[in-house]
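The structure appears below as structure tokens.
FYI, side chains are in, hydrogens and waters are out, and symmetry mates aren't considered; it's all heavy atoms of this structure. On a predicted model such as this, the values are computed, not experimentally measured, just so you know. Index from 1, following the sequence.
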Amino acid sequence: MRITRKSLHEAAAQGIVSAAQAAALWEFLAQREGDTPSFRPSHILYYFGGMIAIGAMTLFITLGWQQFGGPGLLCISLAYIALAVMLTEVLLHRRGLPIPAGITGALAVALVPLAVYALQHTLGQWPPNALREDTYRAYHQYIDWRWLVMELATLAAGVAALWRYRLPFMVMPLAVTLWCTSMDLVPMLLGGESGHFYSDTGKRISTCFGLGMMLAAFRVDLRSTPERDFAFWLYVFGVMAFWGGLTSMDSHSELGKLAYCGINVLLIAVGAALSRRVFAAFGGIGVALYLGHLSHTVFRDSLLFPVALSGIGFGVIWLGVKWQRHEAAIGRWGRAFLPAGARAFLESRAG
């Protein structure tokens, strides 16, 4: 349900509320909307500028930065962190702008790996003739257990920053780091070679780690409010790790592929229950991949497969119509089997 100024004017015209009450309510809703992330022009500019700044100091660090050496790079990164923290303090406590403050806070956390990398070089923990894949540019490109020191420092800094500012976007660098940690832990546990991540064991570890992140996100979701969504980024990277590991696994039987499709259908159902589109997006891609497999392999020469698939599609639409008509009753029936806390949470989502 979306409330507009026109609808409030119409309510005032019908005597439901007074004109003064309608105006005051609109001002309240507009102020509240301004602090909630949305596709407003100002919010788009906030996130676009923030992602450019974060990308510039993480993904797009050039080899020219190596000329500063460890001490120089450490001073530069610490100066950037101090600037980002100062901007966060000003934007949040003086200007009352939590969204851009969360972005600059996330920038400060995202700079921690660079500072730790520079400190390691300064202390001589990296060889002077390090291979290309051992440079900071490879932090987001190669899988290696040696990045764990940088990742653990980033997690510690991210937790401290989140405790200090309590801004939802600051969960983003934590979620990214957790995802990277899941990939770098595999080589360490399985012998120290990055190629192990692409083994069946590595894929299973990634899938389990993603599942754990999703459960942790749900736990956080139970304690969050729609205005301050701390679980969003945990859901995003949890689903990515889970779905990516699951999809990359080799299944040598049609039964296994059918089970894969069933898991993706379950992801779509979970997304509908939690009102989280990331589940539906990845689940939809997984179902499409399975249907593509059926089309190109199992029913390659069949004339009836497209017709049957169209019929299934229309059937799903019909189920959607029935669901919409009886959604409240179905929801109450399904939530009756859940614990009280989860039931209350899903009822608030449904509302």
Backbone N or O of G245 within a donor-acceptor pair of the S248 side chain at under 3.5 Å? yes

Can you tell me how far apart CH2 (W147) and CG (L152) are? Round to the nearest 0.5 Å. 14.0 Å

Side-chain touch L83/M86, heavy atoms, less than 4.5 angstrom: yes

When you compare the side chain of Q120 with that of V149, does any pair of heavy atoms fall below 4.5 Å? yes

Sub-4.5 Å side-chain heavy-atom contact between M172 and I54: yes

Applying ring pair (Phe, Tyr, Trp, His ring centres under 6.0 Å), name anything that partners F169, two or more places apart in sequence or on another chain. Y47, W233

Hits for side chain to side chain contact (heavy atoms under 4.5 Å, CB included) against L123, two or more places apart or cross-chain, chain-then-number order -> L119, Q125

For R219, enumerate each residue passing the salt bridge (charged side-chain N to carboxylate O under 4.0 Å, His left out) test, keeping only those at least two apart in sequence or located in another chain. none

Among pairs that include at least one residue of residues 84-110, which meet ring-ring contact (aromatic ring centres under 6.0 Å, His included), considering only residues two or more places apart or in two chains? none

As an exercise, state the distance from CG of L178 to CE of M213, rounded to the nearest 0.5 Å. 5.0 Å

Hey, could you give me the OH/CG distance between Y235 and D221, rounded to the nearest 0.5 Å? 4.0 Å

As an exercise, state the distance from OG1 of T181 to CG of L155, rounded to the nearest 0.5 Å. 5.0 Å

Heavy-atom check, side chain of E89 versus side chain of R164, under 4.5 Å: yes

Pairs of donor and acceptor atoms involving the side chains of residues 262-273, under 3.5 Å and at least two apart or interchain, shall be tabulated with distances.
from : atom 1 : to   : atom 2 : distance (Å)
N264 : OD1    : W243 : NE1    : 2.9
N264 : ND2    : Y260 : O      : 2.8

For the side chain of T177 and the backbone of E151, is there at least one donor-acceptor N/O pair under 3.5 Å apart? no

Say you draw a straight line from CG of L215 to CG of L234; how long is it, rounded to the nearest 0.5 Å? 11.5 Å

Using the salt bridge (charged side-chain N to carboxylate O under 4.0 Å, His left out) rule, collect all pairs that involve residues 231-245, keeping only residues at least two apart or in two chains. none

With A157 via side chain to side chain contact (heavy atoms under 4.5 Å, CB included) - residues at least two apart: V112

Would you give the length of the straight line joining atom CE of M240 to atom CH2 of W179, rounded to the nearest 0.5 angstrom? 3.5 Å

Hey, does M214 have a side-chain heavy atom less than 4.5 Å from the side chain of V278? no

Which donor-acceptor pairs under 3.5 Å do the side chains of residues 95-106 make with protein atoms, sequence neighbours left out?
from : atom 1 : to   : atom 2 : distance (Å)
T104 : OG1    : T88  : OG1    : 2.8
T104 : OG1    : P100 : O      : 3.3
T104 : OG1    : A101 : O      : 3.0

